[in-house]
K.L.:
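For reference, the structure I am asking about is given below.
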Amino acid sequence: MSLFGSANFGLPRLKPLPSKRSHVVSVLDIGSTKVVCMIGRLTPRAESQILPGRTHSIEVIGIGHQKSRGVKNGVIADLDAVESVVRLAVDAAERMAGLTIDSLIVNVSAGRLQSDVYTATIDLGGQEVEANDLKKVLAAAGHQSLRTDRAILHSLPTGFSLDGERGIRDPLAMFGDVLGVDMHVLTAERPALKNLELCVNRAHLSVEGMVATPYASGLAALVDDEVELGCAAIDMGGGTTTISVFAEGKLVHADAVGLGGHHVTTDLARGLSTRIEDAERLKVVHGSALPNSADERDIISVPPIGEDDRDQPTHVPRALVSRIVRARIEETLELIRDRIQRSGFSPIVGKRIVLTGGASQLTGLPEAARRILARNVRIGRPLGVSGLPAAAKGPAFSTAVGLMIYPQLADLETHAAGSGMFSTLGGNSRFARMGQWLKESF
């Protein structure tokens, strides 16, 4: 069943997690390097004070991951290849969990993600703010963001104002003349999302919701204080590097650049004239983002590119490998630094950066990032879930874990969608029906 036609892709329909019993959520992280399917059980628990919405504890009951094929720089390049990898990953997760799934929450890295902030005000005439006023002002901001060529992935009110006084978190029941809202809207190009959904549909599954990769990885890798005080999460994947900025508990900005760990590998393959898989191994074993005086003396063996047994491996100083790696890593980090600077959110990020994603595990990367970004840097691993196998506890699995966390926070966006401004879909999606059933049942 397709969620197309909705400008907001049915995401706010994710809101009604049952508050009294556990619920199974399945997610799919389609990346340039790997495809991960996770199935988790969300069980209600007491909310945390700092992050409203973390209402459930999450236990991963099934996981399957496969080497990605058919995805280049986060963009689907071969439908058949992606479909077969998705089937394999989902099948492995289902076998481990001992159940069958029919729909998934999927991540989005492609489609030229774009963050915009829209501001709207309405007149209150000195009255107190009622729920209807909130709906009105959110709808006014939302209408500004509707575009035919782009689909809305997330629309989050980041702050309200009353009579020009900004920074109000919840204006309900307060008095004033003019109510205003700042709405952060994250959009992507429609064709990229359609192709993503098509891949999932071809594997006989439906898309339950779509979540921007930077949002998901930030949800998994950041701790409460970072999300509250202001911090950027940088997810370095195989084909893309995404940036998310959080403040006061909410996503306030997101961006993506088409560079990642795979670009380092291809640079090595070209520069050393070796196969991609050999270049990957050299990167992991010998590559470093930091110069080291011993590198000139260490000689490493580079397998030849041909199939001929007579071809001898070449021998190069390790310094050459590190120089190739460093050039690309520095280019990526400088690009990220400039994007953060240009976004205007540099003061909000402050001195805190969290690196996550598979490519963040490169030797010396935190030190290189500290120097280029001029901020405190730590490596972020997925937090807030239990049941992860040891192999999936590293930063490479942050996006998949973030997708699992997301359904609890989808209601932060519902206010905007609930006002009917995205209702081109009508109430016919599986999630809309399920939401209706849950409302009536509880």
K.L.:
Could you tell me whether the side chain of Ser145 reaches within less than 4.5 Å of the side chain of Ile152, counting heavy atoms only?
P.N.:
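Touching, per the 4.5 Å side-chain cut-off.
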K.L.:
If you round to the nearest 0.5 Å, how far is OG1 of Thr43 from NE2 of His23?
P.N.:
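Those atoms lie 11.0 Å apart.
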K.L.:
Under 3.5 Å, is there a donor-acceptor pair between the side chain of Arg352 and the main chain of Gly230?
P.N.:
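The answer is yes, because a donor-acceptor pair under 3.5 Å joins these two groups.
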K.L.:
Where is the tightest heavy-atom contact between Val207 and Asn201, given as atom of each residue plus distance?
P.N.:
N-ND2, 4.4 Å
K.L.:
For Val108, does its backbone N or O pair with a side-chain atom of Thr213 as donor and acceptor, under 3.5 Å?
P.N.:
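At least one qualifying donor-acceptor pair exists.
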K.L.:
Residues two or more places apart in sequence or in another chain: which of them pass salt bridge (Lys or Arg N to Asp or Glu O under 4.0 Å) with Arg339?
P.N.:
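Arg339 satisfies salt bridge (Lys or Arg N to Asp or Glu O under 4.0 Å) with Asp255 once adjacent residues are dropped.
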K.L.:
Looking only at atom types and distance, does a side-chain atom of Ser386 sit under 3.5 Å from a main-chain N or O of Ile58, one as donor and one as acceptor?
P.N.:
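Such a contact is found between Ser386 side chain and Ile58 backbone.
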K.L.:
Taking the side chain from Gln408 and the backbone from Ile405, do they hold a donor-acceptor pair closer than 3.5 Å?
P.N.:
yes
K.L.:
Just jot down the salt bridge (Lys or Arg N to Asp or Glu O under 4.0 Å) partners of Asp116, sequence neighbours excluded, or say none.
P.N.:
none
K.L.:
Take Arg87 and Glu83 through the salt bridge (Lys or Arg N to Asp or Glu O under 4.0 Å) test and state the conclusion after the steps.
P.N.:
CA-CA 6 Å; Arg87 281 176 187 267; Glu83 178 200 331; 3.0 Å; yes
K.L.:
Taking Arg375 for its side chain and Gly350 for its backbone only, find out whether a donor-acceptor pair lies under 3.5 Å.
P.N.:
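Such a contact is found between Arg375 side chain and Gly350 backbone.
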K.L.:
Do Arg326 and Glu331 have side-chain heavy atoms sitting under 4.5 Å apart?
P.N.:
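No - every pair of side-chain heavy atoms lies 4.5 Å or more apart.
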K.L.:
So do Ile105 and Met210 actually touch side chain to side chain, heavy atoms under 4.5 Å?
P.N.:
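A side-chain contact is absent here, since even the closest heavy-atom pair is not under 4.5 Å.
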K.L.:
Can you tell me how far the CD1 atom of Ile336 sits from the CE atom of Met236, to the nearest 0.5 Å?
P.N.:
5.0 Å
K.L.:
Quick one, Leu251 with Thr158, criterion side-chain contact (heavy atoms from CB on, under 4.5 Å). Give me CA distance, side-chain angles, the key distance, then yes/no.
P.N.:
CA-CA 8 Å; Leu251 176 75; Thr158 55; over 6 Å; no
K.L.:
Run the salt-bridge test on Arg166 and Asp182 with the 4.0 Å N-O cut-off and return the result as yes or no.
P.N.:
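Looking at Arg166 and Asp182, the cut-off is met.
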K.L.:
Considering the options Leu335, Ile353, Ile348, which one meets the side-chain contact (heavy atoms from CB on, under 4.5 Å) requirement together with Ile340?
P.N.:
Ile353
K.L.:
Can you confirm whether Val302 sits close enough to Asp278 that some side-chain heavy atom of one is under 4.5 Å from a side-chain heavy atom of the other?
P.N.:
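No; the side chains remain at least 4.5 Å from each other.
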K.L.:
Which atom pair, heavy atoms only, marks the closest approach of Gly364 to Leu290?
P.N.:
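Scanning both residues completely, I find the closest heavy atoms to be O-CG, 3.7 Å.
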K.L.:
Could you walk me through whether Arg95 and Asp91 pass the salt bridge (Lys or Arg N to Asp or Glu O under 4.0 Å) check?
P.N.:
CA-CA 6 Å; Arg95 277 207 307 273; Asp91 186 49; 2.5 Å; yes
K.L.:
Between Arg370 and Val377, is there a donor-acceptor pair closer than 3.5 Å when you use the side chain of the first and the backbone of the second?
P.N.:
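Answer holds: yes.
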K.L.:
Are Leu99 and Ile61 close enough, and set up right, to give a side-chain contact (heavy atoms from CB on, under 4.5 Å), and what steps lead you there?
P.N.:
CA-CA 10 Å; Leu99 50 84; Ile61 55 174; 4.1 Å; yes
K.L.:
Quick check, are the ring centers of Tyr406 and His154 under 6.0 angstrom apart?
P.N.:
yes
K.L.:
Please name the pair of heavy atoms, one in Val354 and one in Cys231, separated by the smallest distance, quoted to 0.1 Å.
P.N.:
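That closest heavy-atom pairing would be CG2-SG, 3.9 Å.
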K.L.:
For Gln341, does the CD atom sit with more than 12 other heavy atoms under 6.0 Å from it, leaving out its own atoms?
P.N.:
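No, not enclosed.
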K.L.:
Can you check whether Ala269's main-chain N or O pairs, donor with acceptor, with Ser273's side chain at less than 3.5 Å?
P.N.:
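Not confirmed, Ser273 side chain does not pair with Ala269 backbone.
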K.L.:
Minimum heavy-atom separation for Ala221 and Leu383, please, with both atom names.
P.N.:
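That would be O-CD1, 3.8 Å.
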K.L.:
For a 4.5 angstrom cut-off between non-hydrogen side-chain atoms, does Arg381 reach Ile379?
P.N.:
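Heavy-atom side-chain distance check passes, below 4.5 Å.
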K.L.:
Please tabulate, one pair per line, all N/O donor-acceptor pairs under 3.5 Å involving side-chain atoms of residues 390-399, not counting sequence neighbours.
P.N.:
unit_1 : atom_1 : unit_2 : atom_2 : d
Ser398 : OG     : Thr356 : OG1    : 2.6
Ser398 : OG     : Pro395 : O      : 3.3
Thr399 : OG1    : Asp235 : OD2    : 3.0

K.L.:
Under a 3.5 Å distance rule, please check whether Ser26 uses its side chain to pair with a backbone N or O of Ser103 as donor and acceptor.
P.N.:
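Judged by distance alone, yes, a pair lies under 3.5 Å.
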K.L.:
Checking side chain to side chain donor-acceptor pair (under 3.5 Å) for the pair His184/Ser155: CA distance, chi angles, key distance, verdict?
P.N.:
CA-CA 6 Å; His184 171 217; Ser155 56; over 6 Å; no
K.L.:
Is the closest basic N to carboxylate O distance between Arg337 and Glu334 below 4.0 Å?
P.N.:
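No.
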K.L.:
As a quick check of understanding, evaluate side-chain contact (heavy atoms from CB on, under 4.5 Å) for Glu208 and Leu104, giving each step before the final call.
P.N.:
CA-CA 5 Å; Glu208 209 163 290; Leu104 300 138; 5.8 Å; no
K.L.:
Count the heavy atoms of every other residue, nucleotide or ligand shown that sit under 6.0 Å from CZ of Arg41, and state whether that count exceeds 12.
P.N.:
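Atom CZ in Arg41 is not crowded, with 12 or fewer foreign heavy atoms closer than 6.0 Å.
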K.L.:
Is there a side-chain contact between Cys37 and Ile101 (heavy atoms, below 4.5 Å)?
P.N.:
yes
K.L.:
Under a 4.5 Å cut-off applied to non-hydrogen side-chain atoms, are Tyr215 and Leu156 in contact?
P.N.:
yes
K.L.:
Mind running salt bridge (Lys or Arg N to Asp or Glu O under 4.0 Å) on Lys283 and Glu280 for me, showing each step along the way?
P.N.:
CA-CA 5 Å; Lys283 176 183 80 174; Glu280 179 67 29; 3.4 Å; yes
K.L.:
Is there a donor-acceptor pair closer than 3.5 Å between any side-chain N or O of Gln144 and the backbone N or O of Thr119?
P.N.:
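Yes, Gln144 side chain to Thr119 backbone: donor-acceptor pair under 3.5 Å.
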K.L.:
Between atom CG of Leu229 and atom CG of Leu222, what is the distance when rounded to the nearest 0.5 Å?
P.N.:
11.5 Å
K.L.:
When rounded to the nearest 0.5 angstrom, what distance separates CE in Met404 from CG in Leu388?
P.N.:
8.5 Å
K.L.:
Output the distance between atom CD (Glu94) and atom CD1 (Ile63), rounded to the nearest 0.5 Å.
P.N.:
14.0 Å
K.L.:
Could you please spell out the steps behind the side-chain contact (heavy atoms from CB on, under 4.5 Å) verdict for Ile324 and Leu272?
P.N.:
CA-CA 9 Å; Ile324 294 171; Leu272 303 173; 4.2 Å; yes
K.L.:
Begin from the C-alpha positions of Glu330 and Arg371 and carry the test salt bridge (Lys or Arg N to Asp or Glu O under 4.0 Å) through to its verdict.
P.N.:
CA-CA 10 Å; Glu330 287 178 355; Arg371 177 173 59 81; 2.8 Å; yes
K.L.:
Which pair of heavy atoms, one from Leu403 and one from Leu28, lies closest together, and at what distance?
P.N.:
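Closest approach of Leu403 to Leu28, heavy atoms only: CD1-O, 3.4 Å.
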K.L.:
Which heavy atom in Leu282 sits nearest to a heavy atom in Ser301, and how many Å separate them?
P.N.:
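Where Leu282 meets Ser301 most closely, the heavy atoms are CD2-O, 4.0 Å.
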K.L.:
Hey, is the main chain of Leu186 close enough, under 3.5 Å, to the side chain of Ser115 for a donor-acceptor pair?
P.N.:
no
K.L.:
For a 4.5 angstrom cut-off between non-hydrogen side-chain atoms, does Val401 reach Met38?
P.N.:
yes
K.L.:
Return the OG to CG distance between Ser217 and Leu219, rounded to the nearest 0.5 Å.
P.N.:
8.0 Å
K.L.:
For Ser84 and Arg202, which I'm curious about, is there any donor-acceptor pair between the side chains at under 3.5 Å?
P.N.:
no
